[in-house]
Amino acid sequence: MALPRVDAVVVGSGAGGGVVFSELARAGLSVVCLEKGRWHSPFEERKDDLLNQRNSTLGVAYGPDEDKNPRVFVDLQGRARVVRPRQGEYQPNASCVGGGTVSYGAQAWRFMPQDFRMRSTYGAVEGSTLEDWPIGYEELEPFYEKAEHEIGVSGDVEPDPFKGPRRRPLPMPPMEPKSREYEILKPAALRLGLHPFDTPLLINSVPYDGRSACMRIRWCVGFACETGAKNGSHNTVIPRALATGNAWLRSECTVSEILLDGRGRAAGVVYFDEHDRRQVQPAELVVVSCGATESARLLLLSKSRLHPKGLGNAHDWVGRNLNGHTYTGAVGFFEQETYDDLGPGVCISVCDYNHGTPGLAGGGMLANEFIRLPFQFSDDQPPGTPSWGKAHKDFMRRYYRRNIMIQGPTQDMPIWESRVELDPKVNDYWGIPVLRISGDRHPHTIEIANRQAERAEAWLKEVGAISSYQRRAGRGVSGHQHQSGTCRMGNDPRTSVVDASCRVHDVPNLFVVDASVHVTNGGFNPVLTIFANAYRASGLIRRAWKGGGLRG
């Protein structure tokens, strides 16, 4: 039986979906948000080195469910195998109310103006689908500001000479006191001629909007925050939506199809509820915000006579150009202790290498790393260090408190062949075809990423590391927590999936609002750009709604 019709249904409650859910509800629309995962209380989760979203040795703490959600991964030799969420080849992201914003590291970066004009800045890169966004930094800047203030960002980016123009400083100061790593790294960066500054974080350095300040504990990235000091959609925009009285969030609901009416307009969605009952939610408009892998999957699943290859896929662009970030850097080891147990760890950054290097089409920021728990540090030992036995233990005892990691995300070159598609044989728990993931990194991405590793090591050597090693790039599809690109935004329907307002080209009341619309993904963690673009798209949807163009 169909449920009562609403004005809008939003699929997904992460950074993109949470904002759209809130903004439409606050504008007076009746809105249902369907989330595949469940509500998580931080008090449910143990602070476990082996069970968190950063380390899935014992499973993924915040979903998706291991048994119900397989995928198929195709390696570089063309061999396909079924993978589970705890495996890196799955390209996992959290699946719960709030999505990845529950357990993320919460770095809050604006993309640079050049990041929206990569093709214009660097020209064509052979073998890449590198292109400009249909919008520029100047169009997104007011919404970056809105996200920083409405979600909550701390830090101090004013010393960064490479940032785009901004009208207001961040709403919260950086964390105090400074960590030992900050005090060690800043003078060395200045000696190298770099421009270090306090990393922007979606974490409260002071009480903000009714939520407490950060406790500075080590269990941050990969974990939920007990005090609500880490700001995500689950503790900011979603509560605001629910407070309107005309918004409903249903968790543990798996959407299997977007429905169309006889005129080819979106008419609602089909989903399985928490009791595995098939439900139909009618709506005047549909917003898809499931992340780059699952948003593409839902469009591909929604086939019909008018759209035999799936929605938005008339020209085979849905699921293409999957990219995330290639993380590289270096680890340095020291005679003196560098560890002081002040979380979240990451605190000092440089953006000197994002653009402007001759011969390289882009780059990325570099920062010190979050606190790594002991099990994670055991993976960060120099090549050749024994992985067990007395020598391994001796290394851990000597260097766990005497090391610094510097790394960052390299801006990936998008390529046509890196993709998600529906697997023809494997279904999930509900009988829905699963994703099939395949592809590789562009050679130039690897070249840029390895240059970043060299730069990170140079910083550590300037600090005085007695030894160091580089974490260099490898091949293979790039997606994971920073996944993007699979429903590209553009003005030409032949080479993109959505237009500049995030509306699917061939369905007038269907929108995709998450990182899947990113044309390129910057040399930064993308979440603030997802938040900002969601605020921008929400305003465009509201205006179209008032004009009557989205209602049947």
Side-chain angles (χ1 to χ4, degrees), residues 8-12 16-17 20 34 129 131 133-135 255-271 283-323 414-423 432-433 435-437 439 479 483-521 530 533-534 536-538 540-541 544 549-550 552:
V9 59
V10 179
V11 186
V20 176
L34 299 171
T129 52
E131 195 50 81
W133 290 50
I135 63 170
V255 179
S256 60
E257 184 184 358
I258 299 164
L259 297 173
L260 301 184
D261 63 18
R263 297 172 297 164
R265 298 170 60 90
V269 299
V270 178
Y271 71 96
E284 295 286 347
L285 67 96
V286 176
V287 181
V288 178
S289 302
C290 313
T293 52
E294 291 294 327
S295 286
R297 180 192 182 198
L298 183 54
L299 294 186
L300 293 172
L301 286 168
S302 303
K303 297 178 181 179
S304 66
R305 179 181 57 83
L306 294 175
H307 304 276
K309 296 193 292 184
L311 297 176
N313 199 36
H315 300 283
D316 194 28
W317 279 80
V318 174
R320 299 283 188 177
N321 308 300
L322 173 65
N323 69 98
I415 58 176
W416 175 259
E417 294 80 11
S418 283
R419 68 182 304 193
V420 296
E421 56 190 320
L422 300 180
D423 190 82
I432 307 168
L435 285 176
R436 183 180 181 92
I437 302 172
Q483 57 190 241
S484 70
T486 56
C487 300
R488 175 177 284 197
M489 183 193 305
N491 294 322
D492 187 347
R494 296 169 298 179
T495 57
S496 59
V497 178
V498 302
D499 64 17
S501 68
C502 297
R503 186 196 316 244
V504 173
H505 284 298
D506 48 10
V507 185
N509 59 339
L510 173 62
F511 297 81
V512 180
V513 185
D514 56 26
S516 61
V517 306
H518 290 187
V519 180
T520 51
N521 211 24
I530 302 172
N533 189 52
R536 184 188 71 91
S538 297
L540 296 172
I541 293 170
L550 299 181

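Since this is a predicted model, take the numbers as computed values, not measurements. Side chains are part of it too, since the values below use all heavy atoms of this structure and drop only hydrogens, waters and symmetry mates.
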Distance in Å, Leu435 CG paired with Asp423 CG, rounded so as to fall on 0.5 Å steps
9.5 Å
Has the side chain of Asp499 got a donor or acceptor atom that lies under 3.5 Å from a matching backbone atom of Asn491?
no
Evaluate the side-chain proximity of Leu311 to Ile258: yes if any heavy-atom separation is below 4.5 Å, no if none is.
yes
Are side-chain heavy atoms of Asp316 and Trp416 found at a separation under 4.5 Å?
yes
Taking the side chain as C-beta and beyond, is there a heavy-atom pair between Glu284 and Val9 under 4.5 Å?
no
Would you mind reporting whether His518 and Ile530 have side-chain heavy atoms less than 4.5 Å apart?
yes
Check for a donor-acceptor pair, side chain of Ser496 on one end and backbone N or O of Met489 on the other, with a separation under 3.5 Å.
no
Roughly how far apart are Glu421 CD and Asn313 CG, rounded to 0.5 Å?
10.5 Å
Ser302 and Glu257: side chain donor to acceptor below 3.5 Å
no
Side-chain contact test, heavy atoms from C-beta onward, threshold under 4.5 Å: evaluate it for Val288 versus Val513 and give yes or no.
no
Test item: Ser516 side-chain N/O and Ser295 main-chain N/O as donor-acceptor pair under 3.5 Å
no
Are side-chain heavy atoms of Cys502 and Arg536 found at a separation under 4.5 Å?
yes
When you compare the side chain of Thr293 with that of Thr486, does any pair of heavy atoms fall below 4.5 Å?
no
Is it the case that the side chains of Asn321 and Thr129 hold a donor-acceptor pair, with the cut-off being a distance below 3.5 Å and no angle test?
yes
Consider only side-chain N and O atoms of Trp133 and Thr520, and report whether a donor and an acceptor are under 3.5 Å apart.
yes
